[in-house]
Q: 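Just dropping this structure here.
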Amino acid sequence: MDAIAKIGDYPNILKVWPVPDETGLIIEGSDWSEQGTLRDLLNDLEGPLPIEDALGICQELLDALTVVHKADIIHRAIKPENILMANGRPKLMNFDLAYQLEIGEHVTVIPDLMKLKRDAYTAPEVYHGSDIDERTDLFSVGVVLFELLTHSLPFKISTELEITNGRMTEAALQKLKERDISTEILEVLESLVILDRNERIQNAEKTREALGLKPKNQVGLEERDPNRKFDLGEEYDVFTIERAACRGARISGVFGKDRW
């Protein structure tokens with residue numbers, strides 16, 4: 001919740017808030033979606049997503065990461081299980097392993113790296129306790145996009161790259177080529193799903209540009225004004241602004257919070 005508070009309200013980040021239960025303990029509340037997670041979506045499919053749909057999900061994940069990384073937070077656990085789908089829109093959630101940089105002090109919640117269950121999505125440097133940065137999350141995005149495009153994974157665990165010269169095998173690349181994807185997409189995936197962090201694309205914005213995608217959600221990518229007027233046709237969260245009903249003055253509510 002601390003990480004999400006630093007990020008602020010954003011359409012592709014799942015909102016959470018503290019809720020006291022009947023015993024007085026604080027539990028976490030969040031939005032709910034009947035669609036479930038991206039993992040649920042993939043489990044329901046018999047094959048890969050259409051290329052356009054896969055890129056659309058990737059586009060919004062990169063939008064979210066642009067905001068997350070500007071808040072000096074690394075998610076570290078991007079995978080289909082940690083992406084909620086709400087009306088077709090991906091929302092990054094479960095910041096339980098988030099890595100925060102605060103006034104020169106690294107804030108982390110991983111007590112023992114040896115206890116982390118290894119998977120295909122987590123960048124190898126996380127398991128080794130090496131330095132991490134934005135490119136650590138971009139590795140995970142690359143694996144997720146690979147799965148969306150092929151309905152399979154490039155490897156069982158990411159550390160397999162250590163025995164394949166640091167790159168995906170020809171067998172994995174062949175699965176992408178069978179989808180007849182563009183050269184640009186193939187090159188991006190080869191530049192993300194790679195062992196050496198220094199050889200990956202630098203940040204989410206450059207990754208989105210390399211894929212030929214434009215930011216879908218402008219709110220949050222620039223300085224946000226919480227009281228600004230939305231433009232007609234603008235999207236926010238799962239909503240699209242169709243018309244302006246009225247303009248009102250802000251008043252002080254009974255709970256001391258601003259109301260409209």
Side-chain angles (χ1 to χ4, degrees), residues 1-17 28 30-31 38 55-79 82-86 89-110 121-123 125-126 130-145 188 191-194 197-231 234-239:
M1 288 190 287
D2 182 59
I4 293 175
K6 287 182 173 65
I7 295 166
D9 190 15
Y10 189 71
N12 295 116
I13 303 293
L14 183 67
K15 300 175 185 176
V16 296
W17 53 86
E28 182 179 281
S30 69
D31 292 335
L38 182 57
L55 288 176
I57 291 174
C58 183
Q59 177 183 26
E60 296 200 56
L61 285 179
L62 291 170
D63 284 355
L65 284 179
T66 299
V67 177
V68 170
H69 293 161
K70 283 183 177 179
D72 291 328
I73 294 170
I74 310 299
H75 189 282
R76 275 198 302 200
I78 297 174
K79 59 185 71 176
N82 290 337
I83 300 169
L84 188 72
M85 299 301 295
R89 165 163 286 173
K91 290 177 174 284
L92 193 57
M93 64 178 185
N94 289 347
F95 283 73
D96 300 346
L97 298 181
Y99 177 93
Q100 300 182 48
L101 182 59
E102 294 182 335
I103 319 176
E105 178 184 359
H106 295 120
V107 179
T108 179
V109 292
I110 298 181
Y121 308 96
T122 304
E125 59 264 23
V126 173
S130 305
D131 289 341
I132 65 173
D133 59 19
E134 299 175 27
R135 294 167 291 186
T136 299
D137 282 344
L138 294 178
F139 177 95
S140 305
V141 171
V143 176
V144 170
L145 180 56
V188 168
S191 298
L192 294 180
V193 188
I194 188 172
R197 178 169 55 97
N198 294 317
E199 294 187 26
R200 296 178 200 149
I201 301 177
Q202 296 296 307
N203 55 51
E205 291 171 297
K206 289 184 181 297
T207 302
R208 190 175 52 230
E209 291 172 4
L211 288 169
L213 303 173
K214 295 182 179 180
K216 185 170 184 180
N217 295 303
Q218 294 290 346
V219 178
L221 298 181
E222 300 175 355
E223 190 68 27
R224 287 169 288 178
D225 177 3
N227 297 318
R228 71 182 180 84
K229 178 183 177 182
F230 287 92
D231 296 326
E234 183 175 344
E235 292 185 350
Y236 183 80
D237 202 349
V238 297
F239 305 101

Q: Using modelled atom types only, decide if a donor and an acceptor are shared between the side chain of Thr136 and the backbone of Ile132 within a distance under 3.5 Å.
A: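 Answer holds: no.
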Q: To the nearest 0.5 angstrom, please state how far the CZ atom of Arg200 sits from the OG atom of Ser191.
A: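 With rounding to 0.5 Å, CZ (Arg200) is 11.0 Å from OG (Ser191).
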Q: Quick check: do Leu38 and Val144 have side-chain heavy atoms less than 4.5 Å from each other?
A: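 The answer is yes; the side chains approach within 4.5 Å.
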Q: What I want to check is whether the side chains of Asp137 and His69 have a donor and an acceptor closer together than 3.5 Å.
A: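 A pair is found: one side chain offers a donor N or O, the other an acceptor, under 3.5 Å apart.
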Q: Are the side chain of Arg197 and the backbone N or O of Arg135 linked by a donor-acceptor pair below 3.5 Å?
A: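 No, the answer is negative, given that no donor and acceptor are paired below the 3.5 Å cut-off.
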Q: Find the distance between CD (Gln59) and CG (Leu145) and round it off to the nearest 0.5 Å.
A: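 Reported value, rounded in 0.5 Å steps: 12.0 Å.
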Q: Could you walk me through whether Gln202 and Thr207 pass side-chain contact (heavy atoms from CB on, under 4.5 Å), step by step?
A: CA-CA 8 Å; Gln202 296 296 307; Thr207 302; over 6 Å; no
Q: Mind listing the closest non-hydrogen atom pair of Leu65 and Ala204 along with its distance?
A: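 Looking at all heavy atoms of both residues, the shortest contact is CB-CB, 4.1 Å.
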Q: Under 3.5 Å, is there a donor-acceptor pair linking the side chains of Glu134 and Asn203?
A: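 Short answer, no.
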Q: Considering only heavy atoms from C-beta outward, does the side chain of Val68 approach that of Tyr10 to under 4.5 Å?
A: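 Contact flag for Val68/Tyr10 side chains = no.
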Q: Measure the spacing between CG of Asn94 and NZ of Lys79 and express it to the nearest 0.5 Å.
A: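 Interatomic distance, Asn94 CG to Lys79 NZ, rounded to 0.5 Å: 9.5 Å.
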Q: Taking C-beta and beyond as the side chain, do Leu62 and Leu138 meet within less than 4.5 Å on heavy atoms?
A: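 Answer yes - side chains close enough.
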Q: Can you name the closest pair of heavy atoms from Ala98 and Arg76 and give their distance?
A: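 Answer, listing the atom of Ala98 first, then Arg76: O-NH2, 3.7 Å.
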Q: I'd like to check Leu92 versus Ile78 (side-chain heavy atoms, cut-off strictly below 4.5 Å). Are they in contact?
A: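 A side-chain contact exists here, since the closest heavy-atom pair is under 4.5 Å.
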Q: Please check: side-chain N/O of Ser140 versus main-chain N/O of Tyr121, any donor-acceptor pairing under 3.5 Å?
A: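 Checked: pair present.
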Q: Salt bridge (charged side-chain N to carboxylate O under 4.0 Å, His left out) with Glu209: which residues, sequence neighbours excluded?
A: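 Per chain and number, Glu209 pairs via salt bridge (charged side-chain N to carboxylate O under 4.0 Å, His left out) with no residue.
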Q: Can you see which heavy atom on Pro11 is nearest to which on Lys91, and at what distance?
A: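 Shortest heavy-atom contact: O-NZ, 2.7 Å.
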Q: Should Lys214 and Glu60 count as an ion pair when the cut-off is N to O under 4.0 Å?
A: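 Answer for the salt bridge query: no.
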Q: State, with a plain yes or no, whether a side-chain heavy atom of Ile73 is found less than 4.5 Å away from one of Ile7.
A: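 Ile73 reaches Ile7 side chain to side chain.
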Q: Please determine whether side-chain contact (heavy atoms from CB on, under 4.5 Å) holds for the pair Ile13 and Phe95, giving the CA-CA distance in whole Å, both sets of side-chain angles, and the decisive distance to 0.1 Å.
A: CA-CA 10 Å; Ile13 303 293; Phe95 283 73; 4.2 Å; yes
Q: Which atom pair, heavy atoms only, marks the closest approach of Asp63 to Arg208?
A: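 Nearest heavy atoms, Asp63 then Arg208: OD1-NH1, 2.9 Å.
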Q: Is the closest basic N to carboxylate O distance between Asp72 and Lys6 below 4.0 Å?
A: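 Judged by the 4.0 Å cut-off on N to carboxylate O distance, Asp72 and Lys6 do not form a salt bridge.
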Q: If we only count heavy atoms from C-beta on, is the Leu84 to Pro90 side-chain gap below 4.5 Å?
A: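 Leu84 does not reach Pro90 side chain to side chain.
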